[in-house]
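Structure, as structure tokens:
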Amino acid sequence: MPELPEVETYRRYFEETSLNQPIADVLVEDTKLLTTDYDILSQKLKNKSFIGTKRVGKNLFAQLDAPFWLHFHFGMTGDLAYFRDNEDKPRFARIIFRFANGFKLGFLCPRKFERIGIIENVDEYLKSKKINKDALEISFDELNDILSHRKAPIKSVLLDQSTVAGIGNWIVDEVLFQARVHPEKLSFQLSDNKKMAIFESMRFVIQTAIDKQANYDEFPTDFLIHARGWGSTQMAQLIGKCPNCNEKVQIIKVGGRTTFLCPSQQKL
DNA sequence: GCGCTTGTTAAAGT
DNA sequence: AACTTTAACAAGCG
């Protein structure tokens with residue numbers, strides 16, 4: 001699912017495939033996917049080239065050789081795929097950038113929760129959307145200050161992009177598992193030690209996931225993510241089990257989201 | 001074929 | 001007023 005490590009992987013893919021090549025046109029299957037009117041978007045991108053990228057949390061920004069950017073949000077299922085021949089066109093490529101060299105970049109939108117649109121200024125955009133610093137950029141002091149003043153369950157606070165940008169449902173479960181914090185623990189009640197553990201786990205989990213290009217199978221076997229059953233057959237013995245104590249994991253709802261935890265190591 | 005899932009946001013609640 | 005909670009969104013997948 002496109003959380004920070006996936007979007008970082010997409011960003012690198014975009015850089016490797018789609019820079020410095022004039023855009024011939026943009027095909028859009030469903031204008032619901034656009035946050036800018038099709039006519040304007042199409043006219044602004046035509047004959048321009050992408051010249052660089054920036055990522056904040058789950059948001060990807062592609063800079064044009066013009067005074068604006070294209071913003072991508074991958075929703076829950078978005079992906080990118082670069083291809084040339086129409087017979088290689090991937091499923092769900094509902095938006096296609098056709099480059100002058102004949103290659104194409106498909107923005108895959110299986111569930112239509114994905115969005116793109118033109119923005120003038122990245123910092124202003126982030127501010128207007130209340131998106132705080134990226135999880136790899138925020139300092140401990142700033143995170144500590146926010147966590148100390150919020151009274152919701154820590155899981156909900158960490159999922160809130162105005163706390164820190166880039167954490168999604170599996171990452172927050174992984175971070176809280178590795179920091180040995182119960183997801184329903186109220187944020188302001190956390191000790192300084194636990195907040196530091198959360199900060200360090202957050203950086204470790206995200207950096208590990210980026211290094212493995214978000215291939216869950218390649219994550220260390222002591223990651224809780226394998227309990228979710230997303231992996232291959234080699235991971236099958238880890239489904240539903242705590243990788244540390246082998247106890248059955250608990251599955252609950254926190255803030256409406258499915259939550260995995262080890263009840264013996266994460267206590268309220 | 002029903003129910004679950006993902007991230008965000010608007011709306012409702014406190 | 002400010003923060004928190006909930007539901008809705010779309011559609012593929014098990």
Side-chain angles (χ1 to χ4, degrees), chain A residues 1-11 28-36 55-61 71-81 90-95 106-117 119 125-132 134-135 143 145-175 183-190 202 205-206 209 214 216 224-233 235-236 239-240 249-261:
Chain A
M1 313 304 139
E3 303 182 26
L4 192 157
E6 287 87 344
V7 178
E8 175 62 17
T9 304
Y10 299 159
R11 188 191 68 77
V28 178
E29 179 188 307
D30 186 339
T31 53
K32 273 202 178 74
L33 300 166
L34 305 180
T35 57
T36 302
R55 181 194 57 72
V56 177
K58 306 169 193 176
N59 298 276
L60 175 63
F61 302 93
H71 170 243
F72 291 75
H73 197 288
F74 295 87
M76 298 191 276
T77 48
D79 202 349
L80 297 176
R91 236 183 134 193
F92 311 124
R94 304 190 198 274
I95 296 179
F107 183 32
L108 280 49
C109 309
R111 297 184 200 176
K112 297 191 179 182
F113 270 20
E114 303 74 8
R115 294 291 182 270
I116 63 166
I119 64 161
Y125 175 83
L126 294 169
K127 204 176 201 181
S128 73
K129 292 289 180 182
K130 298 188 166 59
I131 296 166
N132 199 19
D134 188 82
L143 184 67
D145 188 51
I146 296 169
L147 298 189
S148 304
H149 293 96
R150 298 280 300 267
K151 60 180 180 186
I154 181 60
K155 167 154 179 171
S156 303
V157 174
L158 289 172
L159 280 174
D160 185 342
Q161 305 297 294
S162 73
T163 300
V164 60
I167 296 184
N169 202 40
W170 77 255
I171 292 182
V172 71
D173 284 2
E174 190 68 54
V175 167
E184 289 177 305
K185 178 85 178 174
L186 299 186
S187 182
F188 75 99
Q189 293 177 336
L190 288 162
M202 173 180 82
V205 168
I206 290 173
Y216 306 140
L224 184 69
I225 193 172
H226 305 302
R228 301 181 106 91
W230 291 351
S232 63
T233 48
M235 296 293 181
I239 296 175
V249 297
Q250 200 180 350
I251 303 175
I252 61 174
K253 292 278 182 186
V254 179
R257 316 314 291 191
T258 301
T259 300
F260 282 62
L261 69 143

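Since the structure is predicted, the reported quantities are computational estimates derived from the model, not experimental observations. Order of the sequence lines fixes the chain letters, A, B, ..., with proteins taken first and strands second; residue numbering starts at 1 for each chain.
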Could you give the side-chain donor-acceptor pairs of residues 156-163 of chain A under 3.5 Å, partners two or more places apart or in another chain?
{"residue": "A/D160", "atom": "OD1", "partner": "A/S162", "partner atom": "N", "Å": "2.9"}
{"residue": "A/D160", "atom": "OD1", "partner": "A/S162", "partner atom": "OG", "Å": "2.9"}
{"residue": "A/D160", "atom": "OD2", "partner": "A/R150", "partner atom": "NH2", "Å": "3.1"}
{"residue": "A/D160", "atom": "OD2", "partner": "A/S162", "partner atom": "OG", "Å": "3.3"}
{"residue": "A/Q161", "atom": "OE1", "partner": "A/G166", "partner atom": "N", "Å": "2.9"}
{"residue": "A/Q161", "atom": "NE2", "partner": "A/L159", "partner atom": "O", "Å": "3.0"}
{"residue": "A/Q161", "atom": "NE2", "partner": "A/I167", "partner atom": "O", "Å": "3.1"}
{"residue": "A/T163", "atom": "OG1", "partner": "A/R150", "partner atom": "NH1", "Å": "3.3"}
{"residue": "A/T163", "atom": "OG1", "partner": "A/V157", "partner atom": "O", "Å": "2.8"}

(message) Applying a 4.0 Å non-hydrogen cut-off, can you work out what A/G168 is touching in the nucleic acid: base, sugar-phosphate, or nothing?
(response) sugar-phosphate

(request) Compute the bend angle of the helix from B/dC2-C/dG14 to B/dT14-C/dA2 from the end axes (five pairs per end), rounded to 10°. (result) 50°

(request) Output all residues satisfying side chain to side chain contact (heavy atoms under 4.5 Å, CB included) with A/K32, sequence neighbours left out; order by chain, then residue number. (result) A/D30

(request) Would you indicate whether the side-chain heavy atoms of A/K151 and A/L186 approach each other to under 4.5 Å? (result) no

(request) May I ask you to decide if A/W170's main-chain N or O and A/E3's side chain share a donor-acceptor pair within less than 3.5 Å? (result) yes

(message) What is the distance, to the nearest angstrom, from the CZ atom on A/F260 to the P atom on B/dT6?
(response) 8 Å

(request) Apply side chain to side chain donor-acceptor pair (under 3.5 Å) to A/Q250 and list each qualifying residue two or more places apart in sequence or on a separate chain. (result) none

(message) Restricting to salt bridge (Lys or Arg N to Asp or Glu O under 4.0 Å), what partner residues turn up for A/R228, sequence neighbours left out?
(response) A/D173

(message) Donor-acceptor check, side chain of A/E114 to backbone of A/K112, threshold 3.5 angstrom: yes or no?
(response) yes

Taking N or O atoms only and anything under 3.5 Å, show me the protein contacts with nucleotides 1-5 of chain B, one pair per line.
{"residue": "B/dT5", "atom": "OP1", "partner": "A/T258", "partner atom": "OG1", "Å": "2.9"}
{"residue": "B/dT5", "atom": "OP2", "partner": "A/K253", "partner atom": "NZ", "Å": "2.8"}
{"residue": "B/dT5", "atom": "OP2", "partner": "A/T258", "partner atom": "OG1", "Å": "3.2"}
{"residue": "B/dT5", "atom": "O2", "partner": "A/R111", "partner atom": "NH1", "Å": "2.8"}

(message) For A/T35, give me all partners under side chain to side chain donor-acceptor pair (under 3.5 Å), at least two apart in sequence or on another chain.
(response) none

(message) Reading DNA chain C from 5' onward, which residue's closest nucleotide shows up sooner: A/K112 or A/R150?
(response) A/R150

(message) What is the first contacted nucleotide of DNA chain C and what is the last, in 5' to 3' order, if contact means an atom lying under 4.0 angstrom from a heavy atom of chain A?
(response) C/dT4 to C/dC13

(request) Without swapping roles, check the side chain of A/T36 against the backbone of A/L34 for a donor-acceptor pair under 3.5 Å. (result) no

(request) Would you kindly give the CD-to-P distance between A/Q161 and B/dT8, to the nearest whole Å? (result) 4 Å

(request) Starting from P on B/dG7, measure out to CG on A/N59 and report it in whole angstrom. (result) 13 Å

(request) Identify, with sequence neighbours excluded, every residue that meets salt bridge (Lys or Arg N to Asp or Glu O under 4.0 Å) alongside A/R115. (result) none

(request) By nearest nucleotide on DNA chain C, pick out whichever of A/G255 and A/F92 is the more 5' one. (result) A/G255

If you restrict it to nitrogen or oxygen atoms, what contacts under 3.5 Å exist between nucleotides 9-14 of chain B and the protein, and what is each distance?
{"residue": "B/dT9", "atom": "OP1", "partner": "A/K129", "partner atom": "NZ", "Å": "3.4"}

(request) Quickly work out the A/L33 CG to B/dT8 C1' distance and round it to whole Å. (result) 15 Å

(message) Restricting to side chain to side chain donor-acceptor pair (under 3.5 Å), what partner residues turn up for A/R94, sequence neighbours left out?
(response) A/E29

(request) Considering just the side-chain nitrogens and oxygens of A/K130, establish if one lies under 4.0 Å of OP1 or OP2 belonging to B/dT8. (result) no

(request) Would you mind reading off the distance between A/W170 atom CH2 and B/dG7 atom C1', rounded to a whole angstrom? (result) 15 Å

(message) If you compare every side-chain N and O of A/H73 against the phosphate oxygens of B/dT8 (OP1, OP2), does one of them come in below 4.0 Å?
(response) yes

(message) How long is the straight-line distance from CD1 of A/I116 back to CZ of A/F107, given to the nearest 0.5 Å?
(response) 6.5 Å

(request) State which residues pass ring-ring contact (aromatic ring centres under 6.0 Å, His included) with A/H71; sequence neighbours excluded, sorted by chain then number. (result) A/F61, A/Y125

(request) Would you check if the side chain of A/R91 reaches a backbone N or O of A/A93 as a donor-acceptor pair within less than 3.5 Å? (result) no

